[in-house]
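The structure appears right after this line, and notes come after that.
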Amino acid sequence: MEAAAQLDESALEQRFLARVDAEEKIEPKDWMPARYRNTLIRQISQHAHSEIVGMLPEGNWITRAPTLKRKSILIAKVQDEGGHGAYLYSAAETLGVSRDQLVEQLLSGKAKYSSIFNYPTPTWADVGAIGWLVDGAAIMNQIPLCRCSYGPYARAMVRVCREESFHQRQGYDLMLHLAQGTAEQKLMAQEALNRWWWPALMMFGPSDANSTHTGDSQRWKIKRFSNDELRQKFVDFTVPQAKFLGLTVPDPLLRWNDSKQQHEFGPIDWNEFDQVLKGNGPCNAERIAARRNAHAAGAWVREAASAYAAKHSRAGAEHVDGR
Amino acid sequence: MEDKNQWPLYEVFVRARGGLDHKHVGSLHASDARMAIDHARDLYTRRQEGVSIWVVPSKAIVASDPTETDSLFEPARDKIYRHPTFYDIPDEVKTL
Amino acid sequence: MSAAAPQVGSEALFRYVLRLGDLSLVLGQRLGEWVGHSPALEEDLGLANIALDLIGQARMLLSYAGEIEGRGRDEDKLAYLREQGAYFNAILAEQPNGDFGQTIVRQVLIDAFQLELYERLAASHDERLAAIAAKSVKEVRYHLRYSSDWLVRLGDGTAESHARVQSALDLLWPYTVELFAADELDLAMADSGIGPRLPEVQSAWSARIEAILTEATLRRPADRPHAWHGKRGQHSEHLGYILAEMQYLQRTYPDARW
C-alpha cells in the first residue's frame, strides 16, 4: 500500500511541476507538495509581518508631520501598509494556517520579518528615505511576485504593487523638498541616506552564493529572480535618483562600469545583517514590544466583540438577503 | 497569548461599478457581518474601487471538489457546438 | 431665513470657522496616535480612515478661515504656528485617547455632534461652509456608524468592556456641555443664517446619543455644569502637549518648506 501511495505522491508532484512550468496558477485546494505549502506560508507570512511592523517606524511621525498635506499622505501610506498586511495574511490563510497562529508566531519571536524595520526613524528625512529606498526595494521584489505560481499570493501582490508606487513617489518627493531646501534640510536628507542605503541593499537578502532557499523557490516559480540580480537592478535604478537629489551615496567604491553597463558597489556588512536578523538590531526589541503591547491591550476589545456577536447573531441593519 | 473567541473569517466580494458582477477580492476577520462590511469598506474600497460589497462567512462557501475537476469540467471541452464560432454561417446572411 | 439677515464681520466668521476646523484638527491628531497600536489590524485601518477624513476637513476649514482673515495665513500657518490661546476647538477633542473604549466614547460624542452640525450647515447662507459641510456630512455619517457600532459592542460585550466604557463615558460627559453652550458668536452666526441654533443641535444630538447608549446598555451620566471654554481659547493641559508635538518641525526650522 505504501509503495503505491509513494508512486501516487511522485506522480502528483510531477503533474504539479508540469503545471508550474506551464505557468498555470496553483489555487488553494489544488494538490501541492508539503514543502511548497510550507515555503509559501513562511514567505507570505514574513511578508505580512513586515508590513505590520513597518507601520511603526513611519507611524511614529504622523503626529509630527510638518504640514497637513504630509500628515494626510503619511496616514494614507501607513494605512496602505496595514492593508497590505491584511491582504497577505488573507493569502496565507488559504494555505491552512490561521491569522491568530501567525500573529502568535510574530509576537513570540518565532517568525521573522524584514530586518529593515528594526532601524529607527529619528528624523523626518527618514520617512522620506524609507519611501524612496525601502519601498523602492520592496517594489523590485514585489513586481516579479505578481507572476508567482500561487494564485492568491500573486493576486495579493498585484493589489500591493498598484498601491506601492505611490509610496515610493511620496518618499522621493519628500526627499526632493529637503534636498532643495535649507542647508539644515539638505543635511537631514543626506544623513538619512547615509543611514538607510546599506540596510536597503540588505533587504534583498544574502548573496546568491549564501542563500539557502533560492533553488526550490525558483523551481516552483515563487521566486523569479535571484537576490543579487534584484539588488543590482535596485542599485542601477537608484543611483541616478540620488544624483538628481544632489546627495551622495555612502559608498566610496560605487562606480559605473561601462563595459558591463551596471554599477559596481562596495561590500555589504553581512555581520550587521546577521546581528539584526538575530534580534540585536537597534529597534528589534522595541518593535516587537509595541506589537505585543497593542495585542495585549486590545484583548478585552476583541473578546467583547466576540461576546457581543455571540449574544446577538443577527446581521444588524444590513440587507441580509443581500442581492 | 491564545485569543478567546477568535474572529471568524469572511470572504469579500466587491462590485466595482454598476453593470459589473461582484468579484472576489480576498478575505478578512470580523466578529460579525456588520463589522465585516465596515472592514471590507476600509480595506478594499479606499481608492473608489467599489459601489457594493458582499461579505460571506468563509465556512458558508461551498466549493467544487478539485479532485473532480476532470468530471465536472472536462466534458464541456469537446462540446464545442455550444460556442457560436463553431457554426459557419455564409457571409451573405447578416445579423446571425 | 429673512432676506434682511444681519451680516457678520469677518473677524467673527474667522473665529467661527476656526472652531469647526480646530475640532477636526485636534481630534484627527489624537486618532493619528493610534496607528500601529490598535486592538486589531482592521481597527488600525478604521481609525486611520477617520483621522484622514478629519484632517481633510481641517484643511478645508482652515484654508477658508485663512482666506476670510485675509492676512496670508494658509492652512499650515494656522495649524502649526498659532499659540495655544488662538485654537478654538471644544476641549472634548483634546482629551487623552485612554484605552480603545475611551477613544470610542469620545468619538461617538463628537461624531454625533458633527453629524447634526454639518447636516444643518449644509444649508448655511455661507456658500463655502455649506459646500464643506455637504461633503463632510457623508464622512461623518460613516464615522458615527463605525464608532457607535463599536460602542454598542463594548457596552453590550463583556462585563469588563461594559465597565470600561461606562467609566469613560462618565469621565468625558462633562465636556459635552461646551459643545452646546451658545455664546455671542454662536448666536450671531445663527441670527445671520450661517450657523445652526445650538439648542436644536443639542436635542437632535441628545436623541441620537440616547438611542445609542440604550442599545449599548450604558447609563447616560447626569448632566453637570462645566466651566471650560476651548471655544474661546481656554484649554485643558492636554492641548499644550499636542501642539508641542504637532508644531515641532515648523517651529524648529522656521524658514523651511516641506
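Being a predicted model, the structure only gives us computed values, none of them experimental. Order of the sequence lines sets the chain letters (A, B, ...), proteins ahead of strands, with each chain counted from 1. For the numbers below, each heavy atom of this structure counts, side chains included, while hydrogens, waters and symmetry mates do not.
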Under a 4.5 Å cutoff for heavy-atom pairs, which residue among Arg257(C), Glu42(C), Arg59(C) has the most contacts with chain A? Arg59(C)
Regarding Gln114(C) and Ser136(C), do their side chains bring together a donor and an acceptor under 3.5 Å, going by distance alone? no
Will you find, in the side chains of Asn194(A) and Gln190(A), an N or O donor that is under 3.5 Å from an N or O acceptor? yes
Donor on one side chain, acceptor on other, Gln105(A) and His49(A), under 3.5 Å: no
Residue Ser72(A) versus chain C: region with a heavy atom under 4.5 Å: both
Within the 4.5 Å heavy-atom criterion, are Tyr253(C) and Trp258(C) side-chain neighbours or not? yes
Polar side chain donor-acceptor pair, Ser148(C) to Glu215(C), under 3.5 angstrom: no
Please report the interatomic distance CG(Asn118(A)) to CD(Glu286(A)), rounded to the nearest 0.5 Å. 9.5 Å
Among side-chain atoms of Tyr87(A) and Glu51(A), is any donor-acceptor pair under 3.5 angstrom? no
Structural part of Gln185(A) lying under 4.5 Å from a heavy atom of chain C: side chain
Regarding Asp170(C) and Ser167(C), is there a side-chain donor-to-acceptor distance under 3.5 Å anywhere? no
Without hydrogens or angle criteria, can the side chains of Gln107(C) and Ser147(C) be said to hold a donor-acceptor pair below 3.5 Å? no
Against chain C, label Met175(A) side chain, backbone, both or neither, depending on which of its atoms sit under 4.5 Å from a heavy atom there. neither
Tell me, side chain or backbone of Ile242(C) under 4.5 Å from chain A's heavy atoms, or both, or neither? neither
Pair Tyr64(C), Asp126(C): side-chain N/O donor-acceptor within cut-off below 3.5 Å: yes
So which part of Ile52(A) gets closer than 4.5 Å to some heavy atom of chain C, the side chain, the backbone, both or neither? side chain
For chain A, which of Glu33(C), His162(C), Arg153(C) has the most heavy-atom pairs under 4.5 Å? Arg153(C)
Return the option, out of Val53(A), Leu56(A), Leu176(A), Asn293(A), with the maximum number of heavy-atom pairs under 4.5 Å with chain C. Leu56(A)
Ranking Ile55(C), Leu41(C), Val35(C), Thr158(C) by heavy-atom pairs under 4.5 Å to chain A gives rank one to Leu41(C)
Asn49(C) versus Gln79(A), side-chain donor and acceptor atoms under 3.5 Å: no
By a 4.5 Å heavy-atom criterion (distance strictly below it), what part of Leu47(C) contacts chain A: side chain, backbone, both, or neither? neither
For the interface with chain C, which of Val301(A), Leu178(A), Val103(A), Leu68(A) has the highest count of heavy-atom pairs at distances below 4.5 Å? Leu68(A)
Close side-chain approach of Val276(A) and Tyr119(A), heavy atoms under 4.5 Å: yes
Of Met246(C), Glu43(C), Arg30(C), the largest count of non-hydrogen pairs under 4.5 angstrom with chain A goes to Met246(C)
Measuring heavy-atom distances to chain A, does Asp149(C) have an atom under 4.5 Å in its side chain, in its backbone, in both, or in neither? neither
Can you tell me which portion of Gln250(C) sits under 4.5 Å from chain A's heavy atoms? Options are side chain, backbone, both or neither. side chain
Could you tell me if Glu81(A) and His84(A) have a donor-acceptor pair between their side chains, going purely by distance under 3.5 Å? no
Cut-off 4.5 Å, heavy atoms of chain C, and the answer for Arg64(A) is both
Relative to chain C, which of Arg99(A), Gln180(A), Arg291(A) shows the most heavy atom pairs under 4.5 Å? Arg99(A)
Picking from Ala65(A), Ala290(A), Gly54(A), which has the most non-hydrogen pairs under 4.5 angstrom with chain C? Ala65(A)
Toward chain A, the part of Asp44(C) with a non-hydrogen atom under 4.5 Å: side chain
d(Ile209(C) CD1, Leu144(C) CG) to nearest 0.5 Å is 7.0 Å
Bottom line for Ala79(C): the part with an atom under 4.5 Å from chain A's heavy atoms is side chain
Checked Lys69(A), Glu58(A), Arg70(A), Met55(A) vs chain C; the most non-hydrogen pairs under 4.5 Å come from Lys69(A)
Under 4.5 Å heavy-atom distance to chain C, tell me which part of Ala297(A) shows up: side chain, backbone, both or neither. neither
Under 4.5 Å, counting heavy-atom pairs only, tell me which of Gln29(C), Gln247(C), Glu160(C) racks up the most with chain A. Gln29(C)
Sort Arg164(C) into side chain, backbone, both or neither according to what part of it lies under 4.5 angstrom from a heavy atom of chain A. side chain
If you tally heavy-atom pairs under 4.5 Å between each of Gly32(C), Gly56(C), Gly28(C) and chain A, the highest tally belongs to Gly32(C)
